[in-house]
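Shown next, in structure tokens, is the structure this report addresses.
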Number of protein chains: 2
Amino acid sequence: MSEQTSRRERKKAATRQAIANTALTMFLERGYDAVGIREVAQAADVAVTTVFAHFPSKEALVFDRDQGLQDRLVDAVTGRGRRWSAAQALRDELHVMVHEFTGEQSAVFWRLVDGSPELREYESRMWQRHADALALAIAADRGRAEPATTDKALARYVLGVFPLAREAPDPATAVDEIMDLVDAAWAAARQNRAAEVPKPAP
Amino acid sequence: MSEQTSRRERKKAATRQAIANTALTMFLERGYDAVGIREVAQAADVAVTTVFAHFPSKEALVFDRDQGLQDRLVDAVTGRGRRWSAAQALRDELHVMVHEFTGEQSAVFWRLVDGSPELREYESRMWQRHADALALAIAADRGRAEPATTDKALARYVLGVFPLAREAPDPATAVDEIMDLVDAAWAAARQNRAAEVPKPAP
DNA sequence: ACAGTAACGCTAACCGTTAGGATTTCACAA
DNA sequence: TTGTGAAATCCTAACGGTTAGCGTTACTGT
């Protein structure tokens, strides 16, 4: 479970954590726009350049832990039991995730995000990244090494659940409504597969 | 056809055009990142503040004429004959538009866009805006004043054609593949409509 | 102990963007 | 014609995220 880490790696990880925690606390207290990078660096007792050595942008400070989301979605497809379809596994996982996001604990976080156009935009880029990763998993599940157009499309539709569910009056219902569409699209993609023709060499 | 325009409006439009044309020319010649806003302003013989009075951001200088795209998609739904479904009308229009974008004339433009992360991101925001407008048209077409979750989802799927078709080996085929998925999703959304229950007043 | 390298620091700048406020240009009515 | 208000443009100065360049410290492996 615990990887072998050198002192250097541990210190680096600690610095990264300290910066992200400091930044998020300050953002929540005073607002994202009202806190500058120079302030964050000073409060975390590091140089501004160190902040950007750990995070590619100011927005990334907020979505510090987004890799886990991507892993959960990919695992839902690759690590599911044989009894469920990929779409069903994704639907289940989406219900859990959306439920987490709409819980009272996450409310302050998403209020912070919704309060800033830059953060909302970064969020949508994040879903896009996760969609690319999910497209790979879906392609593999359908027996392809590279994602085809339909694989990418389906992955996007799945990730589209998050923005739409978050703004829907009843998020859980929204998840089911959208996943019903995805199920139908998925079935259509399965049929087209039979019509595929191997591409002749140019 | 020609609206009644005052001299003031004509001059304003001319200034806007001059700025956009100057900027696009410079970007194409020297690259988007290599040309600063201050340079564009100087070349167009206006103040920097005037540039931002006409365009909300540097990226908007490139996508000067994007409103037309939105109008074409919305019109495809609202102004179609009774013999076609909305999905079919959109498929036809998408074929025309994607064909335009992949023509030799547009190639340099999209190379410029693909060469800059900022422009690619602005492009995706643009599709998102158009998806919101299309969602309204779809909702109206299905007899709703406000777009429901499924309306928004379908609109997004339609707009998702552009990024996916542009990176596909055969764009025209990609359009059909994706619209086949959309057709299936659309049919599924139509069925769910029967299950809708009027919301009781709170 | 020592050399190499990764992490961190400091300074100074670049660039998009905006506030503030002056100045010109136009539309419209007295 | 002239006056008046509004819209368009201009100038200056700054703010905030981001990066380049280069020096310093802390750790790793020998």
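In what follows, chains are A, B, ... by sequence order, proteins preceding strands, each numbered from 1. Just so it is clear, the model here is predicted, and its values are computed rather than measured.
One can place CZ of A:Arg30 at 14 Å from C1' of D:dG16, the figure rounded to the nearest angstrom. In this structure, A:Phe52 places its CZ atom 14 Å from P of C:dG9, rounding to the nearest Å. Per the geometry, CD belonging to A:Glu118 stands 11 Å off P belonging to C:dT17, to the nearest Å. As rounded to whole Å, 15 Å separates atom P of C:dG16 from atom OH of B:Tyr122. Rounded to whole Å, atom P of D:dG17 lies 9 Å from atom CD of A:Glu39. Between A:Phe55 atom CZ and D:dG17 atom P there is a gap of 15 Å when expressed in whole angstrom units.
Residue A:Lys12 places none of its side-chain N or O atoms closer than 4.0 Å to OP1 or OP2 of C:dA6. For A:Lys58, no side-chain nitrogen or oxygen approaches OP1 or OP2 of D:dG16 to under 4.0 Å. In this model, the phosphate group of C:dC8 is approached by a side-chain N or O of A:His54 to a distance below 4.0 Å at OP1 or OP2. Between A:Thr15 and C:dC8, a side-chain N or O to OP1/OP2 separation shorter than 4.0 Å is present.
Residue A:Val46 is the one, among A:Val46 and B:Ile37, whose nearest nucleotide of DNA chain C lies closer to the 5' end (criterion: closest heavy atom). Comparing A:Gly36 and B:Thr50 along DNA chain D, the residue whose closest nucleotide (by nearest heavy atom) sits nearer the 5' end is B:Thr50. Both A:Asp45 and B:Arg38 lie near DNA chain C, and the one whose nearest nucleotide falls closer to the 5' end is A:Asp45.
By the 6.0 Å contact criterion, CD on A:Gln42 is open, its count of non-hydrogen atoms from other residues, nucleotides or ligands being 12 or less. More than 12 heavy atoms of other residues, nucleotides or ligands shown are found within 6.0 angstrom of CG on A:Asp71. Annotation for B:Arg83: atom CZ does not count as buried by contact number, only 12 or fewer foreign heavy atoms lying within 6.0 Å.
Residue contacts for B:Val48: at a heavy-atom cut-off of 4.0 Å it reaches a base atom on one of the strands shown.
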For this session: Dump the intermediate steps for side chain to side chain contact (heavy atoms under 4.5 Å, CB included) on B:Lys58 and B:Val40, then the final yes or no.
Result: CA-CA 10 Å; B:Lys58 184 188 180 185; B:Val40 171; over 6 Å; no
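Using the six-membered ring where Trp is involved, B:Trp127 and B:Phe162 have ring planes that are parallel, under 30° apart on the 30 and 60° scheme.
Judged by distance alone, with hydrogens and angles left aside, the side-chain atoms of B:Ser116 form no donor-acceptor pair with the main-chain N or O of B:Val113 at under 3.5 Å. Proximity of a side-chain donor or acceptor of A:Tyr157 to a complementary backbone N or O of A:Ile178 within less than 3.5 Å is not detected. Under the 3.5 Å distance criterion, the side-chain polar atoms of B:Arg16 are matched with a main-chain donor or acceptor of B:His54. A donor-acceptor contact shorter than 3.5 Å is absent between the side chain of A:Gln88 and the backbone of A:Ser85.
You'll find the ring centres of A:Phe63 and A:Phe109 inside the 6.0 Å limit.
Among D:dC27, C:dG16, C:dG9, the nucleotide with an atom closest to any side-chain atom of A:Lys11 is D:dC27.
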Protein-nucleotides 20-22 of chain D N/O pairs closer than 3.5 Å?
none

Give me, pair by pair, the N or O atoms of the protein and of nucleotides 28-30 of chain D that are less than 3.5 Å apart, along with how far apart they are.
from	atom 1	to	atom 2	distance (Å)
D:dT28	OP1	A:Arg7	N	2.7
D:dT28	OP1	A:Arg8	N	3.2

